[in-house]
Amino acid sequence: MRDLFSDSVEICPGMVLLRDFADSAALQGELESVLMAAPLRRMQTSRGSYMSVQTSNCGQFGWLSDRQGYRYSDIDPLTGEPWPVMPVIFRQLAETAAELAGFPGFRPDACLINYYQPGTQMGAHQDRDESDCDAPIVSVSLGINARFFVLGSERRGSSIPVNLSDGDVLVFGGPARLFFHGVRKLKFSEHPRFGPVRWNLTFRKAL
DNA sequence: AAGTCCCC
DNA sequence: ACGA
């Protein structure tokens with residue numbers, strides 16, 4: 001497709017960062033529409049504690065966590081309705097980024113929306129609730145900067161730090177598909193359009 | 001364990 | 001470290 005895009009960095013084998021690849025303003029408008037139909041909520045973990053991030057979903061399937069554990073569902077438990085349709089520009093961005101990163105044919109059926117405010121963090125975890133781990137994960141950052149970190153196949157050990165800014169797209173697949181990763185406690189800063197918050201869109205092939 | 005707590 |  002477009003080998004024209006030069007501002008890409010290989011973080012580790014299977015993990016590619018496309019810097020400022022996404023049209024942040026265009027995604028922002030679609031995001032607002034999605035959230036009107038599927039509002040943000042705070043998910044509970046299986047042991048009863050709450051995640052600091054607030055989440056929603058769009059696409060055929062949405063990621064859920066509650067006392068039953070983690071899973072994908074085609075129904076939003078908050079509204080009882082199917083999740084909002086994945087906007088065309090969301091899907092096209094994810095497919096193009098995956099192809100550029102070396103994962104052609106990616107067709108996401110789920111988009112998890114994570115909302116971070118100052119103080120929000122995401123502990124080290126693996127994305128392992130998808131049936132097809134041959135498909136990569138495409139992660140789009142919007143709003144203020146965040147300090148992302150990557151471990152390996154084990155939770156312990158040293159991490160690779162990655163600064164993620166508005167419009168950055170991180171693709172991880174192949175050997176990095178099941179790597180532990182997370183987001184450090186978000187530091188206060190402001191973005192001209194989004195204000196003092198960060199959004200993350202992660203595209204997956206859930207089923 | 002996508003979190004919390006506790007000790008160095 | 002914990003117990004999933």
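Because only heavy atoms are used, hydrogens play no part in the values below, and waters and symmetry mates are left out as well, while side chains stay in. Chain identifiers are assigned alphabetically (A, B, ...) following the order of the sequence lines, protein sequences preceding nucleic acid strands; residue numbering begins at 1 within each chain.
- One can place CZ of A:F180 at 11 Å from C1' of B:dA2, the figure rounded to the nearest angstrom.
- Atoms CZ (A:R155) and C1' (B:dA2) sit 9 Å apart, rounded to a whole Å.
- Counting any heavy atom pair closer than 4.0 Å across all strands shown, A:S49 reaches sugar-phosphate atoms only and no base atom.
- Summarising the geometry, the separation between CD on A:Q54 and P on B:dA2 is reported as 19 Å, rounded to the nearest angstrom.
- Under 4.0 Å is where a charged nitrogen must lie from a carboxylate oxygen, and between A:R41 and A:D66 no such pair does.
- Counting only distance, with no hydrogens or angles, the side chain of A:D109 and the backbone of A:L207 share a donor-acceptor pair below 3.5 Å.
- Not one N or O on the side chain of A:S8 forms a donor-acceptor pair closer than 3.5 Å with the backbone of A:L17.
- When rounded to the nearest whole Å, the span between CZ of A:R47 and C1' of B:dG3 equals 8 Å.
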Practice task
Evaluate side chain to side chain contact (heavy atoms under 4.5 Å, CB included) for A:F203 paired with A:I137, printing each intermediate quantity in order.
Solution key: CA-CA 6 Å; A:F203 296 90; A:I137 301 281; over 6 Å; no

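- Nucleic acid contact class of A:Y50 (heavy atoms, under 4.0 Å, all strands): sugar-phosphate only.
- The distance from atom CZ of A:R71 to atom C1' of B:dA2 is 14 Å, rounded to the nearest whole Å.
- Rounded to whole Å, atom P of B:dA2 lies 17 Å from atom CZ of A:R42.
- The nearest whole Å value for the distance from the CD atom in A:Q126 to the P atom in B:dG3 is 14 Å.
- Contact annotation for A:N200: no contact, since no heavy-atom pair falls under 4.0 Å across all strands.
- Applying the 6.0 Å contact sphere to CZ of A:R156 captures no more than 12 heavy atoms from other residues, nucleotides or ligands.
- Nucleic acid contact for A:S46: sugar-phosphate only, since backbone atoms but no base atoms lie under 4.0 Å from a heavy atom of the residue.
- Taken from CG in A:L112 to OH in A:Y72, the straight-line distance is 7.0 Å, to the nearest 0.5 Å.
- Counting to the nearest Å, the P atom of B:dA2 and the CG atom of A:L178 are 13 Å from each other.
- Residue A:R156 places none of its side-chain N or O atoms closer than 4.0 Å to OP1 or OP2 of C:dC2.
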Practice task
Could you provide the dot-bracket string of DNA chain B, using ( ) for intrastrand pairs, [ ] for crossing pairs and | for bases paired to another strand, with Watson-Crick or G-U pairs below 3.5 Å?
Solution key: ..||....

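- Residues A:V9 and A:V16 have side chains not in contact (no heavy-atom distance under 4.5 Å, counting atoms from C-beta outward).
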